[in-house]
Amino acid sequence: MAAMEAAEAPELALADTDVNWDRLDKTRFHVIGAVLFTLQQGMLHPTAVVKTRMQVADSGLSHMRGTTVFRHILKSVGILGLYRGFATSAIGSLPGRVLALTSLEVSKDMMMKYTQDLDLPDATRVGLANGVAGMFSNLVSCVYFVPLDVISQRLMVQGLPGTTYCKGPFDAIRKVMKTEGLRNLYRGFGLTAVIQSPASALWWGAYGASQHIVWRSLGYRDDVDKKPSHMEMVTIQATAGMIAGACSSVITTPIDTVKTRLQVIDDYGVGRPSVLKTAKTLFKEDGWWGFYRGFGPRFLNMSLYGTTMIVTYELIKRLSVKKE
């Protein structure tokens with residue numbers, strides 16, 4: 001009976017908590033990742049729409065609670081209003097995800113190899129490798145995702161004061177390119193790269209180090225027979241992801257508010273928008289709190305995103321391990 005119970009118990013090697021690039025079937029990794037991340041994006045997209053409209057609007061939405069704005073969108077536009085820009089973002093994100101996931105895993109694997117001879121605690125080494133990989137992946141991704149954000153966010157805020165009406169993604173691209181060409185598609189690029197890359201490094205570094213510490217504190221090691229269950233693995237990874245996402249939202253919301261305004265507002269009456277002009281306008285409108293417009297939905301979005309993203313990501317990796 002004991003042997004049967006042991007055979008039925010879901011056991012995983014501790015190595016399955018951090019599957020490296022060499023162990024992955026790359027085709028399965030990207031195909032499964034595309035499907036699961038698109039589903040995850042669909043669940044969280046309404047919070048992004050609410051957050052974006054709160055950051056941009058001068059029509060009273062910016063001073064409402066996130067739940068009130070959510071109900072307002074539902075009442076005035078219906079459920080489709082909560083999914084404005086989703087098709088553009090979801091379809092457009094597919095090549096970007098391949099780029100982001102590949103650069104993340106390859107750079108993390110390289111850092112783990114380069115630091116294996118250094119006299120560093122394991123948690124520090126894992127955190128450093130994850131942090132460098134997160135920063136590098138974010139820098140690479142910005143080249144692709146910033147123009148996509150500009151277009152999808154313009155579709156999210158249709159009809160709000162200061163925004164330009166667009167019939168769809170291609171019309172949005174045409175109107176953005178009409179004024180200043182390719183440069184206009186990269187509004188907020190510098191701000192995104194300079195701020196979010198270190199934030200990404202902190203997120204991935206904290207996630208990698210904290211997960212490593214928790215596993216070891218619970219007595220799990222590569223050189224012992226004790227193995228975690230699926231539930232333990234998901235719980236620990238989800239908790240680490242939630243904490244990382246929540247902390248990141250507190251630090252990055254002011255920058256995100258400025259970036260969103262910069263990307264979607266065309267008419268300030270003071271010439272081409274810039275980071276400084278946008279920040280001054282926000283401060284003039286609402287003081288320091290203006291930089292935290294949409295904080296509630298963003299906090300919720302990033303906390304849920306951190307949890308669901310890392311659980312989804314780790315699941316994708318486990319499902320993509322090469323058959324031995």
Side-chain angles (χ1 to χ4, degrees), residues 5-25 28-29 32-33 36-37 40 100-101 103-138 199-249 302-324:
E5 290 178 354
E8 292 173 0
E11 292 189 341
L12 297 165
L14 191 59
D16 286 326
T17 65
D18 190 16
V19 180
N20 63 37
W21 183 247
D22 293 336
R23 296 176 59 200
L24 293 174
D25 179 323
R28 292 179 64 196
F29 177 62
I32 295 172
L36 293 184
F37 274 130
Q40 181 218 17
L101 294 178
S103 59
L104 176 71
E105 288 300 321
V106 170
S107 55
K108 181 170 70 173
D109 197 46
M110 290 175 63
M111 281 299 298
M112 289 298 289
K113 290 176 180 176
Y114 289 151
T115 57
Q116 63 184 357
D117 294 328
L118 298 179
D119 186 20
L120 293 172
D122 286 343
T124 302
R125 183 168 162 253
V126 171
L128 178 63
N130 276 268
V132 171
M135 176 177 284
F136 179 72
S137 176
N138 187 267
S200 180
L202 287 171
W203 194 102
W204 281 102
Y207 170 75
S210 61
Q211 187 188 185
H212 183 91
I213 291 170
V214 171
W215 283 124
R216 270 60 186 178
S217 67
L218 294 175
Y220 292 105
R221 299 178 186 277
D222 293 321
D223 56 352
V224 298
D225 292 332
K226 186 179 180 182
K227 297 180 180 180
S229 68
H230 285 280
M231 183 57 68
E232 286 177 300
M233 186 173 289
V234 170
T235 300
I236 290 173
Q237 291 172 342
T239 301
M242 180 178 65
I243 294 171
C247 293
S248 180
S249 68
M302 291 196 70
S303 297
L304 290 175
Y305 176 79
T307 304
T308 58
M309 183 277 290
I310 205 61
V311 170
T312 302
Y313 184 61
E314 298 288 6
L315 174 61
I316 291 167
K317 290 171 71 175
R318 290 197 292 275
L319 291 175
S320 304
V321 173
K322 293 175 182 176
K323 302 297 182 183
E324 308 227 344

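Just so it is clear, the model here is predicted, and its values are computed rather than measured.
The shortest distance between side-chain heavy atoms of Lys113 and Asp22 falls below 4.5 Å.
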Using the side-chain contact (heavy atoms from CB on, under 4.5 Å) rule, take Val126 and Met112 through it: C-alpha gap first, then chi angles, then the decisive distance, then the call.
-> CA-CA 7 Å; Val126 171; Met112 289 298 289; 4.3 Å; yes
Stepwise side-chain contact (heavy atoms from CB on, under 4.5 Å) check, Ile236 with Leu218 | CA-CA 11 Å; Ile236 290 173; Leu218 294 175; 3.5 Å; yes
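Ring-plane geometry between Trp204 and Tyr207 is classed as perpendicular, the angle between the planes exceeding 60 degrees on a 0 to 90 degree scale with a lower cut at 30.
Note: Asn138 CG to Trp203 CH2 = 12.5 Å, rounded to the nearest 0.5 Å. Here the straight-line distance linking atom CZ of Phe37 with atom CD1 of Ile316 works out to 4.0 Å at 0.5 Å rounding. Interatomic distance, CG of Asp25 versus CG of Leu319, reported as 11.5 Å (0.5 Å rounding).
Minimum heavy-atom separation, Ser137 to Ala100: OG-O, 3.0 Å. When all heavy atoms are compared, the tightest approach of Met135 to Ala201 is CB-CB, 3.8 Å. Between Gln211 and Glu314, the closest heavy-atom pair is NE2-OE2, 4.2 Å. The shortest heavy-atom contact between Lys317 and Phe29 is CG-CE1, 3.8 Å.
Here Thr115 pairs with Met111, Leu118, Arg125, Leu128 under the side-chain contact (heavy atoms from CB on, under 4.5 Å) rule; sequence neighbours left out.
Other residues, nucleotides and ligands contribute at most 12 non-hydrogen atoms within 6.0 Å of the CZ atom of Phe136.
Tested against Leu36, the residues Thr312, Thr308, Val311 include a single side chain to side chain contact (heavy atoms under 4.5 Å, CB included) partner, Thr312.
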